[in-house]
Amino acid sequence: MKARVHVTLKNGVLDPQGKAIEKTLGNLGFKGVGDVRQGKVIELDLDETDAAKAEAAVKDMCEQLLANTVIENYTIELDAA
Amino acid sequence: MKARVHVTLKNGVLDPQGKAIEKTLGNLGFKGVGDVRQGKVIELDLDETDAAKAEAAVKDMCEQLLANTVIENYTIELDAA
Amino acid sequence: MKAAVVIFPGSNCDRDTLVALERITGRKPTQVWHTETELPDCDLVVLPGGFTYGDYLRAGAMAARSPVMAAVKKRAEEGAHVLGICNGFQMLTETGLLPGALMRNADLKFLCKDVHLSVERNDTAFTRKYSTSKPIRIPIAHHDGNYFADDETLARLEGEGRVAFRYVTKDGAPNEAANPNGSRSNIAGIYSEDLRVLGMMPHPERLIEPALGGSDGRPMFEGLLEALS
Amino acid sequence: MSEAVSNESELPQADPGVNEPEITPEIVKEHGFSEEEYARVLRALNRTPTMTELGVYSVMWSEHCSYKSSRVWLKKLPTTGEQVICGPGENAGIVDIGNGLAAVFKMESHNHPSFIEPYQGAATGVGGIMRDVFTMGARPIANLNALRFGAPEHEKTRHLVEGVVSGIGGYGNCFGVPTVGGEVEFDPAYNGNILVNAMCVGLAPSDNIFYAAASGVGNPVVYVGSKTGRDGIHGATMASAEFDDDSQEKRPTVQVGDPFTEKLLLEACLELMAEDAIVAIQDMGAAGLTSSSVEMAGKGNVGIELSLDDVPCREEAMTAYEMLLSESQERMLMVLKPGREDKARAIFEKWQLDFAVIGTITDTGRMVVRHKGVMVADLPLDSLNDDAPMYERPYEFTKPPKPFETSKAAAPDNAAETLVKMVGSPALSSRRWIYEQYDHTIMGDTIQRPGGNAGIVRVHGTNTALATTVDVTPRYCKADPKEGGKQAVVETWRNLVATGAKPLAITDCMNFGNPERPEIMGQFAGCILGMKEACEALDYPVVSGNVSLYNETNGTGILPTPAIGGIGLIEDARIYARTDSMKDGDELILIGDENGYLGQSLYIRDVLGMDLDKEGGAPPSIDLEVERRNGDFVRGLIGTGRLSAVHDLSDGGLYVALAELCVSSNLGAEVTLPDGIEAHAALFGEDQSRYIVALPANLVQQALKAAGKAGVTARHLGKAGGTQLTAQGCDPISIETLREAHEGWFPTYMDATH
Ligand SMILES: Nc1ncnc2c1ncn2[C@@H]1O[C@H](COP(=O)(O)OP(=O)(O)O)[C@@H](O)[C@H]1O
Ligand SMILES: [Mg+2]
């Protein structure tokens, strides 16, 4: 089973990368672009075939490592394909 | 209009981050996790309301800045909401 | 004073830290490998700088999940002193021993240069040999030193006197021009509630003798030696 | 091809899992063989090679690995000396630095990859050169880089500068080596071909150095480090092919560096090297497993058998061809002493690195490779190593231009204002924007950070220090390759001397255009001859180096750029000279002859806007005897420990050197100009072999007398003090104004709208 985790900064947490991208896009002449935020996406291959168990395991990984829950939120997508 | 861009390493390009995450997950006791890849997700707010124009603009941004097309692929999602 | 320096894969200031501690305290610190689950008998634990696990995912994140960190946490709770320098500071926030987070520098660049710091209080084991009225000069060398904490945390840190160092101008002004990385309130280092855990981005171990361009890092280790012996 | 005699019984069989294509003339050509070269392969094998074998030959005989165009000339360089422990031919050069220690160093180019992907290209360049150094048993202690970009206004330049600098920093900082020096230049000649040359200096115990020559029939061949992927396959051949407009479209696989793994690899290798376990070791650089195994076995005059089934792979279904040619980074090949596998494995596993026994040493003189039960290659090593073509390419020396006539160079309206412009120009502005992105204080031994005459790091655990620098002045090389090659060597020597170091040896990185053009080959040959002269005169041999040819786009070559990296020894780390320590009240002495020679100078190029090719004349000439005499004298003065500051004179001449000295010391100065030379020529002329020395007033007469006795030209130049720089007859300029101009250009340029 494949899992895809999105890790994004919580609202209100400063995002230097997003801000820099926004500024550079402006410099490049792109108009009307605002509120740029950069996050991470982590893709994993799991041996687990049971969706519920897989989800629980990935949630654990997020809590323990993939996200810093002080500043970040995460969402999990599973893809049994 | 909101846009979400996923930037991921092309197939076959070494992903040191993914590799390190995979090892650490193993060290933390997670079994059966393989092929970890880390990418970026960039969210943007666009003033543009026309979907086709927005898509074209974001594509331009990807080519010029958001993705390093020598080693990365990108996909664009638009959300008119 | 008995010191232990914890070494992780990708630590790269471990030797510098060992050398500085030995030179100033006259005693070789114990080296502890990241897979250890127990710490040796010691008064001071140092988490040195570096790029543990390449700083991949988040700086210090993977090292913070090492077996040894549970022992460091425990030792801190028991009242030992813990010093996290640069990557060590990042680990301390990642484990929750210190609040907040260290984000990418505001202009996204790695930055290596000497900065001036105000010593916010000099009644801790770390700073007792410093003066609060004169800025000190210490090198920074980091990519992720942009200190972030929410308003509430920040207010608590300030209220409890837990800001250890602030980036200031040569004349001691904590203004934007002196802020190298975008840190909130120009914060360069913070203490735990009991003032026994210190995390800081600048590298005191790199400026301990005039031959290297200055010795403002020295009093930190001298103070620790005095306080913990 | 028809004359190839095939002998079925000895013909390795194609890998059944792969369907190796049949060898057609197109495939042969794609692999970069000329007809004559391929005929040589056929002769050596006595049959048609398999696809895998063809791949192996093509990388071994590529320009990059075989130096086929440059070897005849490189052989002319002096490579020996009392101090030399190991000259060219190994992974890096080695010199003795006393106390039972050796300095191991080399410079290497990563030009083409950096143009295509600046961050990763530069990063893996740094990774590669550090591996060359630690594979010999040395811990890297200092990095440098020589960079050349196109015109600042060229559309790609900013992006390339940004990427290259962050790539160099990204790799070196993470690995944990101070980057203490380098140089950067902009010139339209590099618009389509930037140069990224990385140098690394390491420290090893003289009695525990590791070489590549394999030995011991039956000894295990071990693979360590990262896994193999399909990275940069044919990178080595790509690095020797000229660019055309669509090479950007082709987007060859660039390699991604993993500095974290490299740091682990360093620690694991050094840990194993402290055990008595390694017979031979070599990093897998360009051409990966092929060149490392072929070179190791070839150097040891043995044979080697590899089983590719055991190679750690990152990707599925890799073919033998791919595994042998992959340029995946952070890998090493070792030959172990018998029975030491377990010890070695334990160390590499501790560092969480791959470890695999993939072969054995034989006595056959052949490289035999098996994959999935099939023999995919069986090649004679002497043919791969020694049969490689060596070309005496036709060359045409550059006709030496006539000396420049000073009368052709107009005086500026205002020399002081001109100076401000010059120190704030792309050529001469401060490189702080760059070196602040490099960790230069790590390892706790950097006593001279970037921005001085040369970087200086103490040799850990001793009282000595190493000074190191990289230099070359390509516009001089273009005008007169021989004089330019000489000057490049001499400038590094002078930079080292200006710190008080005794120069020991150099490494080089020869960056040139297409060697198949006689005028380019003439530039190459000319530079080599000039370098040779300088090295011989200064006892300053070449111990390692690298050649990068075909730096051309659409027929336009770069300026001839033989970058030189020098290292020198400071016997007592407490006694050396800086540029930022001039004191109020110091007197200034100028060492060296003043001729006011403006040929090929920055003044005529950047201020007067003259076309150097057409009207720039000859570059300044160097009398090597004078150079040595002046340098030895200055080093002697520094050795007294009583000087305040020293700076050598180079680009921009006396006025610029004074400005640099004043800005870094944050102090003014007042100086006189010589009689009989026009002021602007005296101020901006680039006469060689010169230094400014700052010393306490009471020592001036003594120093001048000593100079006279030594036959060294010395002139009492003036006095340090105040907040302005004042040259005789020129307006005073405030040091603050100079500083703003000097520090301002780079950040302003990089911040400007992309
Ligand atoms: N790419 C770079 N990396 C690190 N340091 C650099 C780089 N480019 C220039 N520097 C430093 O800036 C200073 C000035 O460089 P340069 O003008 O080439 O010196 P010089 O003319 O004395 O050889 C030197 O100390 C040099 O090491
Ligand atoms: Mg130079």
Side-chain angles (χ1 to χ4, degrees), chain B residues 3-48 53-76, chain D residues 112-121 123-124 127 155-156 159 162-163 166-167 170-171 174 225-233 247-264 312-318 322 326-331 349 351-354 754:
Chain B
R4 188 152 90 145
V5 177
H6 277 96
V7 181
T8 50
L9 284 170
K10 287 187 178 169
N11 263 339
V13 174
L14 173 74
D15 178 6
Q17 310 221 47
K19 202 169 88 180
I21 294 171
E22 188 173 318
K23 268 192 195 151
T24 302
L25 286 174
N27 291 346
L28 287 173
F30 290 100
K31 300 265 172 321
V33 186
D35 210 12
V36 179
R37 309 279 286 172
Q38 179 176 325
K40 280 182 276 202
V41 50
I42 298 153
E43 295 168 334
L44 318 136
D45 250 11
L46 304 173
D47 288 351
E48 183 59 64
K53 282 195 196 143
E55 169 128 27
V58 175
K59 184 151 186 266
D60 246 22
M61 297 177 205
C62 288
E63 292 286 333
Q64 284 189 49
L65 179 72
L66 304 182
N68 176 352
T69 51
V70 179
I71 50 173
E72 293 171 331
N73 291 324
Y74 60 89
T75 57
I76 301 171
Chain D
H112 292 206
S114 303
F115 184 75
I116 291 163
E117 211 308 276
Y119 184 98
Q120 294 297 344
T124 51
E155 54 174 13
K156 287 215 179 74
H159 164 73
E162 179 110 45
S166 55
Y171 207 101
C174 177
S226 280
K227 293 190 192 332
T228 298
R230 293 187 177 88
D231 300 290
I233 291 179
S247 52
Q248 286 229 300
E249 300 320 310
K250 279 186 217 139
R251 303 243 152 99
T253 343
V254 281
Q255 300 113 281
V256 169
D258 181 357
F260 167 60
T261 297
E262 175 123 323
K263 165 73 172 164
L264 303 185
C313 285
R314 186 176 90 226
E315 296 183 65
E316 310 259 308
M318 288 190 65
E322 290 169 332
S326 161
E327 294 193 343
S328 292
Q329 303 285 298
E330 292 93 23
R331 304 177 301 159
E349 280 175 0
W351 291 98
Q352 297 207 328
L353 293 165
D354 273 289
H754 288 58

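Chain A is the first sequence line, chain B the second, and so forth, proteins listed ahead of strands; every chain is numbered from 1. Scope of the values below: all heavy atoms of this structure, side chains included, with no hydrogens, waters or symmetry mates.
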So, the part of B:N11 with a heavy atom under 4.5 Å from chain D: the answer is neither
Contact class of D:E315 relative to chain B, heavy atoms under 4.5 angstrom: side chain
Could you tell me whether the side chain of D:V256 reaches within less than 4.5 Å of the side chain of B:P16, counting heavy atoms only? yes
Based on non-hydrogen pairs under 4.5 Å, which of B:D35, B:N68, B:D15 is most in contact with chain D? B:N68
Does any heavy atom of chain D fall under 4.5 Å from the side chain of B:I71, the backbone, both, or neither of them? side chain
Can you say whether D:T261 sits under 4.5 Å from chain B via the side chain, the backbone, both, or neither, judging by heavy atoms? side chain
Reported NZ-to-CD distance for the pair B:K19 and D:Q352, which is rounded to 0.5 angstrom: 11.0 Å
So which of D:R314, D:E330, D:E117 has the biggest tally of heavy-atom pairs under 4.5 Å with chain B? D:R314
In terms of heavy-atom proximity below 4.5 Å to chain B, should D:Q120 be classed as side chain, backbone, both, or neither? side chain
Answer yes or no: does atom NZ of B:K23 have more than 12 heavy-atom neighbours from other residues, nucleotides or ligands under 6.0 Å? yes
